[in-house]
Colleague: 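I have a structure here, written as structure tokens, and I will follow up with some questions on it.
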Protein chains: 2
Amino acid sequence: MCDMGSSSTDERRTNTREQIRAVALELFSERGYDKTSLREIAERLGVTKAAVYYHYRTKEEILSSLFDEHLAGMDAIVEWGQAQPPGPDRRREILQRYSALLAGPTDEAPQLTRFLQESQTSIKELATGAGMRERFQQLSALLVEPDAELVEQLRGRLALVALHYGAFALDEIPGTRLERRDAALQVALELGLH
Amino acid sequence: MCDMGSSSTDERRTNTREQIRAVALELFSERGYDKTSLREIAERLGVTKAAVYYHYRTKEEILSSLFDEHLAGMDAIVEWGQAQPPGPDRRREILQRYSALLAGPTDEAPQLTRFLQESQTSIKELATGAGMRERFQQLSALLVEPDAELVEQLRGRLALVALHYGAFALDEIPGTRLERRDAALQVALELGLH
DNA sequence: GTCTATACTGCGATAGAC
DNA sequence: GTCTATCGCAGTATAGAC
């Protein structure tokens with residue numbers, strides 16, 4: 001991840017790679033992954049498709065790079081959770097941490113969360129999608145006892161869905177982003193701590 | 001819908017149109033809408049792409065035709081709900097009816113529901129997607145008072161999500177489809193009647 | 001190391017022959 | 001009602017300019 005080895009020239013590199021990332025996030029979340037073409041991304045940056053292809057081997061690799069941070073964040077929560085004793089305290093803390101992850105730390109995060117939630121489908125079979133689902137499973141497992149009733153299992157998963165949902169899907173409802181986040185966390189806790 | 005007008009030949013028509021529908025549902029739910037090509041659909045039926053285009057003007061029209069029944073079902077529930085006085089009874093009945101809609105009446109329904117839920121994204125900007133969201137909004141409006149708190153709004157929407165989720169997303173959890181449906185309805189009622 | 005030019009295959013869609 | 005032929009654009013890939 002840290003790529004600060006080979007050179008002393010810390011001065012302004014041609015940060016095309018990062019620009020591609022930014023433009024891709026914008027277009028992907030606006031129009032969806034499938035409907036965004038590499039040409040559009042390239043044109044907006046004043047380069048050609050092939051230039052994009054130089055920085056990322058495939059279109060999917062651009063997608064993956066967008067989610068890497070988020071996946072790492074989920075991993076951190078899972079790791080922490082697995083080291084804790086099961087119980088209501090752990091469940092509450094998991095949900096709070098996940099809510100925080102969805103909210104930040106960068107300005108990009110909410111946009112990314114929105115795209116992530118809305119893209120469940122199109123990225124489903126992609127390697128990235130598999131990674132997301134795997135983490136989602138792991139988080140769910142930390143929220144319910146392994147032998148819990150079906151209803152309990154569903155409540156646990158819906159608690160996570162509530163956090164996702166509150167992060168983006170309440171646009172039509174008045175309220176600041178912070179208020180929506182708090183509301184989502186409240187409902188998630190109701191479901192998770194039942 | 002009934003196309004039995006112009007001819008007396010009631011005997012086996014070349015029901016290519018319906019075959020396309022069936023194959024499309026299968027492939028769309030397996031691989032997703034965007035990743036399914038018209039050539040695949042055509043090949044599985046032993047015809048060419050152009051033959052498919054004779055029966056459906058666009059790829060999206062195939063999609064729409066899949067959802068038409070479901071949309072009509074949602075309309076029926078909305079219409080019934082709007083004629084009822086607001087209150088817990090209406091909320092409970094709405095959720096029960098929507099649960100029933102997702103479960104049946106045809107064998108196709110669960111598969112369609114699954115596809116529908118997972119495709120939120122890719123069909124988002126399509127006319128079909130707009131129709132779905134509109135009905136979802138209408139159903140949500142019947143589940144919460146217009147001036148309710150943010151948390152209430154979220155609970156109402158999540159109640160619907162719970163039904164969707166229970167219809168398909170609990171594959172990894174033991175239990176029959178009926179058990180999952182009941183569990184989903186129970187959680188939906190908890191959320192909707194709070 | 002970064003990019004352009006170019007070409008390949010497959011896509012959704014259309015026109016017109018049979 | 002179904003076909004062949006063709007279109008423009010998609011993602012991918014390579015060769016080579018700077």
Side-chain angles (χ1 to χ4, degrees), chain A residues 3-24 27-28 30-66 119 122-129, chain B residues 3-7 9-24 27-28 30-66 119 121-129:
Chain A
D3 180 50
M4 51 190 178
S6 55
S7 173
S8 64
T9 62
D10 192 275
E11 57 194 67
R12 200 168 96 37
R13 302 171 48 222
T14 341
N15 57 340
T16 309
R17 198 185 151 89
E18 209 171 317
Q19 285 179 262
I20 291 171
R21 221 194 82 110
V23 170
L27 293 182
F28 285 172
E30 265 176 26
R31 315 212 235 292
Y33 174 73
D34 285 298
K35 281 187 180 153
T36 302
S37 72
L38 293 180
R39 190 184 50 76
E40 286 176 293
I41 296 175
E43 248 170 29
R44 194 176 282 215
L45 272 85
V47 296
T48 63
K49 270 202 302 180
V52 174
Y53 216 75
Y54 167 76
H55 292 284
Y56 296 91
R57 285 145 75 111
T58 65
K59 189 184 179 186
E60 182 181 344
E61 205 179 279
I62 305 179
L63 227 212
S64 307
S65 83
L66 289 176
S119 311
S122 42
I123 62 174
K124 217 186 72 166
E125 286 134 30
L126 277 43
T128 306
Chain B
D3 180 50
M4 50 192 180
S6 54
S7 172
T9 61
D10 193 274
E11 57 194 65
R12 206 172 89 39
R13 303 170 47 218
T14 342
N15 58 342
T16 310
R17 198 185 150 90
E18 210 169 316
Q19 285 179 263
I20 292 171
R21 223 193 81 108
V23 171
L27 293 182
F28 285 172
E30 265 176 26
R31 313 212 239 289
Y33 173 73
D34 284 298
K35 281 188 180 152
T36 302
S37 73
L38 294 179
R39 188 185 50 78
E40 286 175 293
I41 295 175
E43 248 169 29
R44 194 177 280 213
L45 272 90
V47 296
T48 63
K49 271 200 302 178
V52 174
Y53 267 97
Y54 169 76
H55 294 282
Y56 295 91
R57 286 143 75 106
T58 65
K59 188 184 179 186
E60 182 180 344
E61 204 180 280
I62 305 179
L63 225 213
S64 307
S65 83
L66 291 175
S119 313
T121 324
S122 42
I123 62 174
K124 218 186 71 166
E125 287 135 29
L126 277 44
T128 306

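Note on naming: letters A, B, ... go to the chains in the order of the sequence lines (proteins, then strands), and numbering restarts at 1 for each one.
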Colleague: For Leu27(A) and dA10(D), give me the distance from atom CG to atom C1', rounded to whole Å.
Modeller: 15 Å
Colleague: Would you mind reading off the distance between Tyr54(B) atom OH and dG12(C) atom P, rounded to a whole angstrom?
Modeller: 21 Å
Colleague: What is the separation between atom CD on Glu61(A) and atom P on dG11(D), rounded to the nearest whole Å?
Modeller: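 Roughly 15 Å, once rounded to whole Å.
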Colleague: Below 4.0 angstrom from OP1 or OP2 of dC11(C), is there any side-chain N or O of Arg39(B)?
Modeller: yes
Colleague: Within this structure, what is the CD1-to-C1' distance between Ile41(B) and dG12(C), rounded to whole angstrom?
Modeller: 11 Å
Colleague: Under 4.0 Å between a side-chain N/O of Tyr53(A) and OP1 or OP2 of dA13(D), yes or no?
Modeller: yes
Colleague: Do Lys59(A) and dT12(D) have a side chain to base donor-acceptor pair shorter than 3.5 Å?
Modeller: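 No, no donor-acceptor pair under 3.5 Å.
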Colleague: Quick one: which of dT4(C), dT14(C), dC11(C) gets closest to the side chain of Ala50(A)?
Modeller: dT4(C)
Colleague: Measure the OG1-OH distance between Thr16(B) and Tyr54(B) for me, rounded to the nearest 0.5 Å.
Modeller: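 Here the interatomic distance stands at 9.5 Å.
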Colleague: Lys35(B) has an atom NZ; how far is it from atom C1' of dG12(C), in whole Å?
Modeller: 18 Å
Colleague: Judged by each residue's nearest nucleotide on DNA chain D, which is more toward the 5′ side, Arg57(A) or Ala51(B)?
Modeller: Ala51(B)
Colleague: Please confirm whether the shortest side-chain N or O distance from His55(B) to OP1 or OP2 of dT2(D) is below 4.0 Å.
Modeller: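 For dT2(D), OP1 or OP2 has a side-chain N or O of His55(B) closer than 4.0 Å.
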Colleague: Please report, rounded to the nearest Å, how far the P atom of dG11(D) is from the OH atom of Tyr56(A).
Modeller: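 Spelled out: OH on Tyr56(A) to P on dG11(D) is 16 Å.
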Colleague: For Glu43(A), which residues count as a side-chain hydrogen bond (donor to acceptor under 3.5 Å, both in side chains) partner, sequence neighbours excluded?
Modeller: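 Applying side-chain hydrogen bond (donor to acceptor under 3.5 Å, both in side chains) to Glu43(A) gives Arg39(A).
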Colleague: Please check if the side chain of Lys49(B) supplies one atom and the backbone of Ser37(B) the other of a donor-acceptor pair under 3.5 Å.
Modeller: no
Colleague: Side chain of Tyr53(A), backbone of Thr48(A): donor and acceptor closer than 3.5 Å?
Modeller: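 Side chain of Tyr53(A) to backbone of Thr48(A), a donor-acceptor pair under 3.5 Å: no, none is there.
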Colleague: Taking only side-chain nitrogens and oxygens of Thr58(B), does any of them come within less than 4.0 Å of OP1 or OP2 of dG12(C)?
Modeller: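 Negative; the distance criterion is not met.
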Colleague: To the nearest Å, give me how far apart CG (Leu38(A)) and P (dA5(C)) are.
Modeller: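 It works out to 17 Å between those atoms.
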Colleague: Any side-chain N or O of Thr48(B) under 4.0 Å from OP1/OP2 of dC3(D)?
Modeller: yes
Colleague: Hey, does the side chain of Arg21(A) reach the backbone of Ser65(A) with a donor-acceptor pair shorter than 3.5 angstrom?
Modeller: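 Yes, because the side chain of Arg21(A) sits within donor-acceptor range (under 3.5 Å) of the backbone of Ser65(A).
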Colleague: Just how far, in rounded Å, is P of dG10(C) from CG of Asp34(B)?
Modeller: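 Rounded to the whole Å, the gap is 19 Å.
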